[in-house]
Amino acid sequence: MSAGLDLATLELILDSVSEFAHRELPDSVLIDLDERDEFPADVVHKMCSSELGVQLLFIDEEYGGMGGGTFDIYRVCERMARIDVGVATAVLATFLGSDPISVGGSPEQKKEWMSRIAEEGLLMAYGATEPEAGSDLAALKTVAVPVVDDGTVVGYRITGRKQWISNGSVADLYSILANAPGGPTWFVLDRDAEGFTQGNPENKHGIRLSNTAALFLDDVPVGTDRLVGDVEGQGLVQAQQVFGYTRLMVAAFGLGAGWAALDRAIPYSAERMQAGGPLSEKQGYTHKLIVPHAIHLEAARAYIEETAEHIDGDEGLFNTEGAVAKYMATEAGNAAADAAIQALGGYGYTHEYMVEKIKRDVRITTIYEGTSEIMEMTIGRDRWQEHLKTSGGYYHEQAGALEALHGTDPAVGAGVAALAHHALAEVMEACRAGRLTRNQHVLLRLGEWVAWTECAAAFSRRAASAAAGRLPEKADRRFDPATLAAMSRVFAREAALKVTTDGLRWVFGASPELDPGLERRVGLAEVLAAQRGLVGDMDAAAAAIYGRTS
Ligand SMILES: Cc1cc2nc3c(=O)[nH]c(=O)nc-3n(C[C@H](O)[C@H](O)[C@H](O)COP(=O)(O)OP(=O)(O)OC[C@H]3O[C@@H](n4cnc5c(N)ncnc54)[C@H](O)[C@@H]3O)c2cc1C
């Protein structure tokens with residue numbers, strides 16, 4: 001990815017998206033479309049036409065796009081998800097559908113299809129999942145049988161079935177993953193290809209404004225020019241090459257939807273009087289239903305922004321980091337939306353107040369583009385390898401960097417984040433010594449603790465950057481440096497507590513014998529002592545969220 005747009009252009013796009021939504025998708029229209037379970041074809045086409053042109057963001061300039069970078073895409077995805085995750089999904093599907101072409105296509109294929117998406121606003125669909133191949137894509141059954149003429153492959157015939165495909169019955173162009181003799185391979189199909197039919201839209205729990213359908217392929221003929229990259233067997237590699245930033249996009253959906261829900265609960269609670277005062281002044285309300293969720297979302301944002309910067313800096317693929325970002329942001333967004341229903345009481349449970357729709361919509365983000373459990377597994381496995389490769393030094397070393405940060409910036413929570421890192425290293429080492437990752441549950445829990453721990457580090461670095469006036473210029477600036485520091489301290493305490501107490505629980509739970517020294521090695525006493533000041537920091541976060549001067 002490139003470094004992307006300049007700040008002024010990004011801000012213009014963000015404003016245009018908000019204005020477009022204000023005009024075309026006010027609450028009343030969203031509620032109506034949701035109730036009628038209707039894909040707003042005209043709105044999505046306008047978004048992807050010269051009227052808004054949001055698809056241009058992810059197309060390179062040489063093909064008529066704007067060449068947005070990962071950071072730009074995160075900011076725009078968050079903004080779209082604040083409006084409606086279903087509509088955002090329609091845009092995402094075109095992006096995902098064109099991904100195999102943009103990473104693996106031949107120069108001619110890129111020129112043809114990327115230019116057409118830019119100019120004609122074609123909608124795409126990404127056809128990977130099958131009835132029996134979801135998380136485990138390698139189990140796919142769709143086949144591409146070569147058509148051979150005079151000893152030369154002149155085309156393929158594709159047969160199979162795809163399931164849960166976004167834009168499935170409305171796309172113009174489809175990327176289809178099929179097993180060719182050389183292995184899983186992407187093909188590009190036109191909507192009206194012979195033998196290719198699209199199912200009826202699914203009746204879904206949420207994102208009812210998004211079209212999701214099955215695809216049926218019955219001996220569909222395609223030319224060799226439709227094989228992405230002209231070489232069979234590259235399909236899974238091409239899919240993996242973009243996980244870093246496609247997962248960041250879905251992470252941004254979780255962030256946007258979570259904040260959309262809180263941003264309805266916050267003003268509501270400032271107005272709603274109960275027991276002689278507004279709910280926003282009741283600590284038992286704010287410190288359960290608002291503040292922790294705002295903090296979890298901002299911790300995820302810190303990780304998203306850091307990862308987006310790395311990807312834009314061409315420093316690698318960052319697939320594990322993409323998984324951490326997706327896991328943390330979508331779980332936080334889902335929990336925030338659920339809390340927002342509670343925060344609005346009976347009103348929250350009705351359609352009119354929107355939070356129940358946001359809750360239903362955001363739910364998909366923990367499922368598609370890799371479920372939360374698959375994220376836990378990916379993260380757990382990848383960092384487990386780092387632990388082994390460094391003989392247990394991986395997280396101790398990072399703790400050292402955080403201790404140094406704490407030395408220069410004692411207010412940003414880096415010292416407690418360091419405790420979480422030391423604890424994680426010790427828990428991993430106990431797992432290695434006891435061979436505990438043979439229990440899949442332990443491996444996935446490790447993935448969870450890694451995600452929390454790494455987010456705590458990213459949050460404290462972000463708070464330090466904010467304090468020094470060094471946030472990236474395109475960074476979100478909702479909270480001032482002092483609030484970010486208070487939020488980071490709260491998050492670091494929670495992460496450290498999670499790693500130590502859950503770590504002890506599952507290590508003890510999976511080991512035949514108790515290791516009496518582990519409690520001391522993970523630093524449980526220090527982590528408990530570090531909880532001092534927690535309530536005061538949450539008070540400070542509440543004051544900032546509600547715009548009260550503390
Ligand atoms: C609304 C919607 C839109 C979608 N859009 C698209 C799209 O555009 N293109 C596309 O290709 N796909 C799309 N999908 C499919 C989506 O990516 C899959 O649903 C998802 O990857 C999970 O696969 P699955 O549904 O087969 O569930 P499964 O893989 O069967 O998983 C079921 C449960 O088991 C867990 N699980 C799975 N494997 C393991 C394991 N090894 N260990 C432990 N737990 C495990 C999962 O976390 C999950 O909780 C969409 C799905 C939905 C619902």
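Atoms within each ligand, like the ligands themselves, are counted from 1 in listed order. Residue numbers run from 1 in the order of the sequence given.
In this structure, Q440 is part of the shell of residues with a heavy atom less than 4.0 angstrom from ligand 1.
In terms of polar-atom proximity, defined here as any N/O pair under 3.5 Å, T212 makes no such contact with ligand 1. For the pair A128 and ligand 1, the shortest N or O to N or O distance falls below 3.5 Å.
For atom 22 (C) of ligand 1, the choice among T371, D136, T89 with the nearest heavy atom turns out to be T371. Here atom 41 (N) of ligand 1 lies nearest to M377 when heavy atoms of M124, M377, R208 are compared. Closest to atom 28 (P) of ligand 1 by heavy atom, among A213, S135, A239, G134, is S135.
Checking each of E78, H296, E306 against R301 for a side chain to side chain donor-acceptor pair (under 3.5 Å) leaves exactly one that passes, namely E78.
Across I304 and A251, no two heavy atoms sit closer than the pair CD1-CB, 3.7 Å.
At a distance under 4.0 Å, a protein heavy atom can be found next to atom 38 (N) of ligand 1. Within the 4.0 angstrom cut-off, atom 34 (O) of ligand 1 has no protein heavy-atom neighbours. Protein heavy atoms are found less than 4.0 angstrom from atom 2 (C) of ligand 1.
Near I207, with a cut-off below 4.0 Å to any heavy atom, the atoms of ligand 1 are 1 (C). Ligand 1 places these atoms under 4.0 Å from at least one heavy atom of Y368: 3 (C), 4 (C), 17 (O). Against a heavy-atom cut-off of under 4.0 Å, Y126 is close to the following atoms of ligand 1: 7 (C), 8 (O), 9 (N), 10 (C), 11 (O).
Using cut-offs of 30° and 60° on the angle between ring planes, the pair F71 and Y74 is perpendicular.
Between W164 and Y368, a ring centre-to-centre spacing not shorter than 6.0 Å is recorded.
The pair E386-K389 meets the salt-bridge criterion, since a charged nitrogen lies less than 4.0 angstrom from a carboxylate oxygen.
Atom 49 (O) of ligand 1 has its closest protein heavy atom at E373 OE1, 3.3 Å.
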